[in-house]
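See below for the structure under consideration.
Order of the sequence lines sets the chain letters (A, B, ...), proteins ahead of strands, with each chain counted from 1.
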There are 2 protein chains.
Amino acid sequence: MTLRESEDKRVVEVLAHLASSRHRITTARRHIVTALVGAGGHLTAEEVAAVVQAQDPSVHLATVYRTLEALERLGIVIHIHLGHGRAIYHLADSSHYHLYCQLCGSVQEIPQAELDNLFAVVANSYGFKPSLGHFAIIGTCGRCMERKGLNGLSSGGSSPESIA
Amino acid sequence: MTLRESEDKRVVEVLAHLASSRHRITTARRHIVTALVGAGGHLTAEEVAAVVQAQDPSVHLATVYRTLEALERLGIVIHIHLGHGRAIYHLADSSHYHLYCQLCGSVQEIPQAELDNLFAVVANSYGFKPSLGHFAIIGTCGRCMERKGLNGLSSGGSSPESIA
DNA sequence: ATGGGTGCAAAATTTTTGCATTACC
DNA sequence: GGTAATGCAAAAATTTTGCACCCAT
């Protein structure tokens with residue numbers, strides 16, 4: 001199966017999930033789901049809208065928000081809040097976490113398995129169930145650390161810029 | 001040393017840090033720092049403003065934002081983005097992470113030490129340096145899981161509400 | 001045909017900014 | 001006295017909502 005075919009299949013699956021939950025399949029929703037599946041990664045609502053509008057300019061940003069909200073209620077999509085105000089959306093089935101660089105805004109992915117013992121700790125000691133994927137680790141990426149001349153592997157706190 | 005005395009001491013320390021970084025000590029800033037230290041936990045900018053304005057109603061919300069921003073540049077304060085848009089602020093020296101319940105909005109703290117090996121993994125494998133404390137784990141707290149009748153300890157994905 | 005979905009525009013929310021004034025160092 | 005900081009109000013940025021119309025089922 002080519003990548004394209006597997007993406008198409010996923011789009012159909014998601015649309016079927018929508019339909020079976022008494023939601024209607026509209027052109028806007030088809031485009032939005034296709035954008036999410038095609039992106040593979042993370043998109044802001046505005047980025048989703050941009051991709052969709054390249055195909056069909058009539059789709060409104062408000063519709064994107066409403067569709068993302070509907071998909072999220074169904075557990076198909078997840079969003080996380082990163083830096084300043086804007087949230088990023090992605091499919092729930094890509095089980096990874098996000099390393100968000102607060103300096104350059106880049107998002108790196110880290111496979112869920114790497115952090116499995118984190119979840120064990122949190123779940124057992126705190127009775128708290130983390131949302132898979134709905135999770136961002138904020139910090140500084142390797143590139144930015146080099147750029148700033150920091151060593152980086154210390155686990156120390158934030159970098160004061162007192163005399164910036 | 002009583003709690004009150006130790007808080008006062010911390011306020012003085014923070015103000016000294018501000019002053020030594022060529023910032024001015026104003027009444028607004030004294031109130032804001034006192035509010036942050038006194039709260040011990042997490043406050044939104046608006047909550048900080050409310051505490052401050054109980055003492056001095058003339059302090060404007062914009063000043064709170066500007067002061068929090070200044071304190072953050074100095075590494076004294078950290079903010080994290082939780083649910084929808086609003087961020088919470090706290091002192092950087094309380095080394096803990098946040099378990100944010102997306103259902104009831106409660107925030108539980110988890111000591112940094114619990115997750116130290118997480119940081120080792122992230123730092124070593126990904127060259128990424130997480131910001132201590134600048135970190136929220138989003139999920140569902142024990143209380144809400146009982147309320148919803150979920151078992152909770154499965155590490156499974158998000159809870160679809162297809163037939164809500 | 002029925003009611004869920006859409007486009008549009010306006011409101012709501014949270015945070016930022018320009019500017020004249022105040023007050024800290 | 002010089003200038004950082006403030007208050008105010010207006011702008012920005014992101015997300016939500018009311019409403020009339022449209023279209024999937």
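When the side-chain nitrogen and oxygen atoms of B:Arg29 are compared with OP1 and OP2 of D:dA5, one or more of them lie within a distance under 4.0 Å. Between B:Tyr65 and the phosphate of C:dT15, there is a side-chain N or O to OP1/OP2 separation shorter than 4.0 Å.
For residues 62-71 of chain A, every residue pair satisfying the side chain to side chain donor-acceptor pair (under 3.5 Å) rule, not counting sequence neighbours, is listed here: A:Glu69-A:Arg73.
Atoms CG (A:Leu68) and P (C:dG5) sit 14 Å apart, rounded to a whole Å. Separating the CZ atom of B:Arg73 from the C1' atom of D:dA4 is a distance of 12 Å, rounded to the nearest angstrom. Between A:Arg22 atom CZ and C:dT2 atom C1' the separation is 16 Å, expressed in whole Å. For the pair B:Glu46 CD and C:dA12 C1', the computed distance is 12 Å after rounding to whole Å. When rounded to the nearest whole Å, the span between CG of B:Leu74 and C1' of D:dA5 equals 14 Å. Atom CG of A:Leu15 is separated from atom P of C:dG4 by 19 Å (rounded to the nearest Å). Rounded to whole angstrom, the span from the NE2 atom of A:His60 across to the P atom of D:dT15 amounts to 14 Å.
Across the interface with DNA chain C, nearest-nucleotide mapping of B:Glu69 and A:Ala28 shows A:Ala28 to be the residue nearer the 5′ end. Comparing A:Leu61 and B:Asp56 by the nucleotide of DNA chain D whose heavy atom lies nearest to each, the residue mapping closer to the 5' end is B:Asp56.
Between the side chain of A:Gln55 and the backbone N or O of A:Val52 there is no donor-acceptor pair closer than 3.5 Å. B:Gln53 contributes no side-chain N or O that, together with a main-chain N or O of B:Ser58, makes up a donor-acceptor pair within less than 3.5 Å.
Listed by chain and number, the residues in a salt bridge (Lys or Arg N to Asp or Glu O under 4.0 Å) with B:Asp56 amount to none (sequence neighbours excluded). Evaluation of the side-chain contact (heavy atoms from CB on, under 4.5 Å) rule for A:Glu7 yields A:Leu3, A:Val37 as partners, not counting sequence neighbours.
Using a 4.0 Å heavy-atom criterion, one finds that A:Ser58 contacts the sugar-phosphate atoms exclusively.
In this structure, the side chains of A:Val77 and A:His90 stay at 4.5 Å or more apart for every pair of heavy atoms. Between A:Glu72 and A:Tyr89, the closest side-chain pair of non-hydrogen atoms falls below 4.5 Å.
In the helix from C:dA1-D:dT25 to C:dC25-D:dG1, the terminal helix axes, each the rotation mapping four pairs' C1' atoms onto the next four within five end pairs, subtend 30°, rounded to 10°.
Listed nucleotides: C:dC8, D:dT15, C:dT17. Nearest to the side chain of B:Arg66: C:dT17.
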*asked:* I'd like to compare against my own output: the B/S/- annotation of nucleotides 20-25 of chain C with a strict under-4.0 Å heavy-atom distance to protein.
replied: ---BBS
Cut-off 3.5 Å, no hydrogens considered: what does the side-chain donor-acceptor table look like for residues 26-34 of chain B, sequence neighbours left out?
from    : atom 1 : to      : atom 2 : distance (Å)
B:Thr26 : OG1    : B:Arg29 : N      : 3.1
B:Arg29 : NH1    : B:Arg24 : O      : 3.0
B:Thr34 : OG1    : B:Arg30 : O      : 2.7

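At a threshold of 4.5 Å between side-chain heavy atoms, the hydrophobic network of Ile, Leu, Val, Met, Phe, Trp and Tyr places B:Leu15 and B:Leu68 in one connected group.
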